[in-house]
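Taking it in order: structure first as structure tokens, then the write-up.
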Amino acid sequence: MRASEFLLSTLKETPADAEVISHQLMLRAGLIRRIAAGIYTWMPLGVRVLRRVEAIIREEMNSAGGLELSMPVVQPAELWQESGRWEQYGPELARLQDRHQRDFCLGPTHEEIITTIGRNEIKSYKQLPINFYQIQTKFRDEIRPRFGIMRSREFIMKDAYSFHIDQTSLEQTYWRMHQAYTAIFTRLGLDFRPVEADTGSIGGSHSHEFHVLAESGEDAIAFSNGSDFAANVELAAAVAPSPNQSEPEPEPLTPFDTPSVKTIDDLVQQHDIAIEQTVKTLFISGEHDELIALVLRGDHRLNAIKAEKLPGVATPLKMAEEAAVNAAVGASFGSLGPVGLSCRVIVDSSAAVIRNFVCGANKQGAHYRGANWDRDVDGHEVADLREVVAGDPSPCGSGTLEIRRGIEVGHIFQLGTKYSEAMQASVLDEQGKSVPMAMGCYGIGVTRIVAAAIEQNHDDRGIIWPHSMAPFQVALVPLGLEKSTDVAHATENLYTQLTDMGVEVFLDDRKERPGVKFAEMELIGIPVRVTLGDRSLAEGAVEIQGRREADATKIPLADALQNITQRLGVG
RNA sequence: CGGGGCGUAGCGCAGUCUGGUAGCGCACCACACUGGGGGUGUGGUGGUCGCAGGUUCAAAUCCUGCCGUCCCGACCA
């Protein structure tokens, strides 16, 4: 590709409304342009990147036995009513009507369609297992699209759905997909981790998310430094410290005045108490809008997902109003504690092993010292409520946890028979009996991968593409092209040779100053740059510089082709 | 949805308080100089100042309504 026949839409200045680095660089490099909130045009340069990502996904899906198909974006309401999701899905599902006032939606995902295909086309266990996939546009009317393409409303997803005669077969395909995903993200050159994830209301024995590690990630992931264990912090089990040290004698329960204590920090600082000896008490709503007290150690955070899963707790989690707490307990935020409560009390397992703890006295401006479970608090329950923190022992039993942030680019899970039962997708088994098929589903955020790759690979000059997703592999930068026949010849020769080998070359034949060309090639992140100028050609050399390298290396013109292909790992 | 910010040329912004000919930088076009890291100069192109209504001799500016867009948003007792 020649620059003179291409459109580079680079910006010198960063658009004001882009916050994260990938969004800024995607706009500056001219990969995308915003059309509406969470809706973008992919410009020619961006599409080249997308297509390369898609090609890798397609290759790995095909070799893992996937069958590519293409399902409609616009989907009839009837199918969604059948699965029950027309009502369940909520406002994220974009709905529309056709000219006959028939209801449709824009597909946010395709379980309904694929299940329809499955039930119509698959009749016998002999046709199973089978795994379909597509790479296609999805629409989700997000409450708040943000970070450019990272959380957009319209996006491209690779979604796959498998059908099975039983759970065993489902698990086989599930792990095959796990392997395929590992192969895909490895080939894309991303630093990623598969992590155990919430199986949600669907159930199933496994679910894994694939996260690209990046500070700007929206998810927190807990890793063990002593094993392969990795889990979304939403899910990671917190291990309570074992109380096997010399147990202190129980002290008497002693109230003391804390008129200016509003927070745990105040308490710790003003009264010289170790934060590990304090507990905090949060009130949430139960299913019948009654108060439930949750007790955590002062330095721990509530994990809302864990709390929500407790029987009897309102979903989604709802914190109690201050007024309601005050009315029921007789004290307000800042002086609350578990002693003497009449409501249900659930204590985090790490808080439940503290002896002689300090807590609010349920009397305004007062706390207790020397509080002890069982003696002072009756009939409390113990559960895992808190978010894990760095340094916690790993729940797998080996090593301690480290917390990193990640961008979720893939998610695989086992659907079981949820959709096949709701939509009567059954086959005859070996006994001639009709059974609902087990299903799995496997997603990859194709557009999000592009943003994630930039988050992970950039410097102050711009994007640094992994070789496998670069829009062009080599930039040829001739200097003084129109004045020097030497430069012109060397450039054309190299361009032809590389192109003939199937290398994607960007020939910057514009009449721009060298600095402009260098800056733009770096901004758009082409992995290998070859500079051809009279200065080096006089010595029979060209200059080759990898995008991550600080300086160019002079290479004899005769060796240039080999040097380039070596760098690219092709030829 | 709640809170806050912002809408003036493709991008970044000033002008709005205090009404009086719509500006600056980048980009773009032409020419000249320059020619190995976003160069310099001269001259240009491009705007119904988000939309609608109102006040006024006069509105980017004041008033009302609407729209768009960006950021934040349980608790951390």
Side-chain angles (χ1 to χ4, degrees), chain A residues 7-20 23-24 27-28 30 33-39 90-91 143-148 258 261-268 275 278-285 293-305 307-308 314 316-322 325-326 329 331-338 348 358-362 364-365 367 385-387 389 461-462 477-484 487 510-523 529 531-538 542-543 545 550-552 554:
Chain A
L7 177 68
L8 281 182
S9 316
T10 56
L11 301 173
K12 251 192 199 173
E13 284 169 290
T14 303
D17 50 11
E19 283 288 311
V20 297
H23 189 195
Q24 294 174 352
L27 290 169
R28 285 194 53 208
R33 286 290 180 257
R34 192 183 67 77
I35 293 298
I39 297 177
I143 300 179
R144 185 145 91 83
R146 63 180 122 182
F147 304 153
T258 53
V261 168
K262 276 277 159 241
T263 67
I264 288 282
D265 279 347
D266 296 342
L267 181 66
V268 167
I275 197 164
T278 66
V279 304
K280 58 185 173 189
T281 307
L282 283 55
F283 286 85
I284 60 166
S285 296
L294 303 181
V295 184
L296 292 125
R297 212 169 78 178
D299 55 336
H300 287 153
R301 284 170 56 101
L302 176 67
N303 179 322
I305 305 279
E308 247 172 48
L317 193 72
K318 201 174 128 212
M319 302 306 297
E321 303 281 335
E322 183 156 11
V325 173
N326 207 332
V329 179
S332 214
F333 296 172
S335 303
L336 302 174
D348 176 64
V358 176
C359 63
N362 295 331
Q364 207 55 43
H367 280 71
L385 292 177
R386 71 177 172 95
E387 209 146 82
V389 295
R461 294 175 169 185
V477 181
L479 304 181
L481 182 63
E482 60 290 332
K483 287 192 183 155
S484 163
V487 170
R510 296 174 300 168
K511 234 181 128 176
E512 284 289 352
R513 297 172 66 85
V516 174
K517 294 184 178 186
F518 294 152
E520 290 200 327
M521 292 306 103
E522 280 161 355
L523 175 60
R529 186 177 82 211
T531 307
L532 302 104
D534 272 331
R535 199 176 288 181
S536 299
L537 282 175
V542 297
E543 292 146 64
Q545 183 172 0
D551 298 295
K554 275 190 189 164

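Please read all numbers here as calculations on a predicted model, not as lab measurements. Order of the sequence lines sets the chain letters (A, B, ...), proteins ahead of strands, with each chain counted from 1.
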* To do: Give A/S9 one of three labels, base, sugar-phosphate or nothing, depending on what nucleic acid heavy atoms sit under 4.0 Å from its own.
  => nothing
* Asked: What is the nucleic acid contact for A/T281, judged by heavy atoms within less than 4.0 Å: base, sugar-phosphate only, or nothing?
  ->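 The residue A/T281 makes base contact.
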* Could you run through nucleotides 4-12 of chain B and give me one letter per nucleotide, 5' to 3': B if any protein heavy atom sits under 4.0 Å from the base, S if only the sugar-phosphate is that close, - if neither? => -------BS
* Asked: What integer distance in Å separates A/F518:CZ from B/rG38:C1'?
  ->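 Atom-to-atom, A/F518 to B/rG38, this comes out as 12 Å.
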Scan every strand shown for a Watson-Crick or G-U wobble partner of [N], both distances under 3.5 Å, and answer none if you come up empty.
| N | result |
| --- | --- |
| B/rC1 | B/rG73 |
| B/rG20 | B/rC57 |
| B/rG43 | B/rC29 |

* Asked: Run the salt bridge (charged side-chain N to carboxylate O under 4.0 Å, His left out) check on A/R146 and A/E19 step by step: do they pass?
  -> CA-CA 9 Å; A/R146 63 180 122 182; A/E19 283 288 311; over 6 Å; no
* Between B/rG7 and B/rG46 - P atom distance, rounded Å -> 25 Å
* Among B/rG38, B/rG73, B/rG37, find the nucleotide with the atom closest to the side chain of A/Q545. =>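 Of B/rG38, B/rG73, B/rG37, B/rG37 is nearest to the side chain of A/Q545.
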* B/rG37 base to A/R529 side chain: any donor-acceptor pair below 3.5 Å? -> yes
* To do: For B/rC75, take OP1 and OP2 only and decide whether either is under 4.0 Å from a side-chain N or O of A/R301.
  =>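 Checking A/R301 against B/rC75: no side-chain N or O falls below 4.0 Å of OP1 or OP2.
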* Distance test, side-chain N/O of A/R513 to OP1/OP2 of B/rU40, below 4.0 Å ->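 For A/R513, the contact criterion (side-chain N or O under 4.0 Å from OP1 or OP2 of B/rU40) is not met.
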